[in-house]
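All heavy atoms count here, side chains included; hydrogens, waters and symmetry mates do not. We name chains A, B, ... by the order of the sequence lines, and we start the count at 1 in each one.
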Amino acid sequence: MCSPCLLQSFFARPTLEVARGLLGMRLVRSLNGARLSGWIVETEAYIGETDLACHARAGKTPRTAVMYGPPGRAYIYFTYGMHWLLNAVTEAEGFPAAVLLRAIQSVEGLEEMSARRAGVPPARWTDGPGKLCRALGLDGQQNGINLCDPSGELYIEAGPGVPDNEVLIGPRVGIQSTPEPWRSTPWRFRTQIRPGCGINED
DNA sequence: AGCACGATTAACT
DNA sequence: GTTAATCGTGCTC
């Protein structure tokens with residue numbers, strides 16, 4: 001049931017490798033004694049100050065400080081006046097980069113997720129970066145948390161992964177005003193949900 | 001101090 | 001396909 005937690009060395013690698021490698025790993029949220037989890041099925045890489053789609057383009061600020069810190073931490077920020085988004089910090093400490101977790105296939109804690117996604121069909125509970133934070137009860141309070149600590153309230157466990165022939169790669173979404181070449185750079189990774197292994201099936 | 005905008009979502013026409 | 005919701009952040013004055 002519980003697999004080993006990913007080590008910090010998993011995150012202390014090139015961000016594209018981490019973004020690809022996180023597909024098929026399990027995001028786990030410990031909330032009020034309950035265990036909520038899901039398979040990671042979509043990610044995006046944001047890499048350094050030269051990546052004009054990355055928040056670190058503005059340099060180190062109070063908001064982006066976590067990205068400059070040690071790898072394996074959660075970078076959670078607020079946007080559009082209403083949504084929280086979850087990232088995993090990558091690369092060596094001092095280099096600002098992270099992987100945005102865009103979607104998970106929920107597996108455990110379905111009752112708790114349902115309560116936070118009232119009126120929404122199960123297949124739509126966690127199929128967007130803002131949605132999964134809402135379903136898992138994540139906000140700024142978890143910013144900076146160590147994702148490699150299985151005794152904490154948010155961490156990532158090893159999973160079966162996803163074979164190359166099931167990985168789709170394309171441009172990142174939601175960065176329409178970002179100039180080229182960043183707008184079209186294929187740093188988005190996704191895979192199909194796993195039939196029979198969760199509830200996000202259409 | 002003021003302003004434009006956003007790594008989105010849901011509810012419209 | 002279009003648009004409102006809603007506020008922290010970073011930039012300009």
Side-chain angles (χ1 to χ4, degrees), chain A residues 11 14-23 27 38 40-69 71-91 95-106 113-145 147 154 156 167-191 193 200 202:
Chain A
F11 298 95
T15 306
L16 294 176
E17 291 182 20
V18 179
R20 163 66 182 86
L22 281 173
L23 296 179
L27 179 66
I40 297 171
V41 296
E42 182 177 346
T43 64
E44 282 177 358
Y46 290 85
I47 312 176
E49 296 176 347
T50 58
D51 173 7
L52 296 186
C54 181
H55 290 165
R57 66 183 179 276
K60 189 172 183 178
T61 66
R63 179 172 69 150
T64 63
V66 176
M67 273 201 288
Y68 288 78
R73 303 299 176 89
Y75 167 45
I76 302 179
Y77 69 91
F78 186 65
T79 192
Y80 291 105
M82 65 189 83
H83 301 298
W84 293 96
L85 275 65
L86 168 66
N87 300 253
V89 175
T90 60
E91 313 261 359
F95 185 89
V99 172
L100 172 68
L101 302 187
R102 290 192 57 88
I104 64 172
Q105 178 181 2
S106 44
M113 293 189 203
S114 174
R116 290 165 193 282
R117 304 290 287 130
V120 179
R124 302 277 88 84
W125 284 350
T126 58
D127 64 340
K131 297 183 195 180
L132 76 87
C133 284
R134 173 91 181 266
L136 298 180
L138 298 172
D139 57 31
Q141 293 182 26
Q142 288 78 39
N143 187 40
I145 201 170
L147 297 172
L154 183 67
I156 301 177
V167 177
L168 301 170
I169 302 176
R172 296 171 291 182
V173 300
I175 56 168
Q176 199 56 38
S177 66
T178 300
E180 297 290 1
W182 310 111
R183 190 174 65 211
S184 301
T185 303
W187 287 353
R188 179 191 191 198
F189 301 84
R190 44 190 175 126
T191 187
I193 59 97
N200 286 7
D202 287 311

Query - Along DNA chain B (nearest heavy atom to each residue), the more 5'-positioned of A:Arg134 and A:Tyr77 - result: A:Tyr77
**Report entry** DNA chain B: stems of at least 3 consecutive Watson-Crick or G-U pairs whose donor-acceptor distances fall under 3.5 Å
**Finding:**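 DNA chain B forms these stems: B:1-6 with C:7-12, B:8-12 with C:1-5.
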Query raised in the report: Which side chain to side chain donor-acceptor pair (under 3.5 Å) pairs, counting each pair once, include a residue from residues 52-63 of chain A, with sequence neighbours left out?
Result: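 Every side chain to side chain donor-acceptor pair (under 3.5 Å) pair that includes a residue of residues 52-63 of chain A, provided the two are not neighbours, is A:His55-A:Tyr75, A:Thr61-A:Thr64.
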Report task. Please determine which of A:Arg190, A:Gln105, A:Arg188 meets the side chain to side chain donor-acceptor pair (under 3.5 Å) test together with A:Glu42. Result -> A:Arg188
Requested in this report: Using a 4.0 Å heavy-atom cut-off, write out nucleotides 3-13 of chain C from 5' to 3' as B (base contacted by protein), S (sugar-phosphate only) or - (no contact).
Outcome: --BBBSSSS--
Query - Distance, P atom - from C:dT6 to B:dG2, rounded to whole angstrom - result: 22 Å
Query raised in the report: Given the C1' atoms of C:dG1 and B:dA7, what is the spacing between them in whole Å?
Result: 22 Å
Within the structure shown, what part of the strands sits under 4.0 Å from [X] by heavy-atom distance: base, sugar-phosphate, or nothing?
{"X": "A:Leu100", "answer": "base"}
{"X": "A:Ser177", "answer": "sugar-phosphate"}
{"X": "A:Arg183", "answer": "nothing"}

Requested in this report: Could I get the full list of salt bridge (Lys or Arg N to Asp or Glu O under 4.0 Å) partners for A:Arg134, not counting sequence neighbours?
Outcome: none
Query raised in the report: A:Val66 versus A:Asn143: any side-chain heavy-atom pair under 4.5 Å?
Result: yes
Report task. Go through A:Glu180 and A:Arg183 one step at a time and tell me if the salt bridge (Lys or Arg N to Asp or Glu O under 4.0 Å) criterion holds. Result -> CA-CA 5 Å; A:Glu180 297 290 1; A:Arg183 190 174 65 211; 3.2 Å; yes
Query raised in the report: Hey, where on DNA chain B does chain A first and last touch, going 5' to 3'? Cut-off is any atom under 4.0 Å from a heavy atom.
Result: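 Endpoints of the contacted stretch of DNA chain B: B:dG6 to B:dA10.
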Query raised in the report: Which residues pass the side-chain contact (heavy atoms from CB on, under 4.5 Å) test with A:Phe95, sequence neighbours left out?
Result: A:Ile47, A:Glu91, A:Ala97
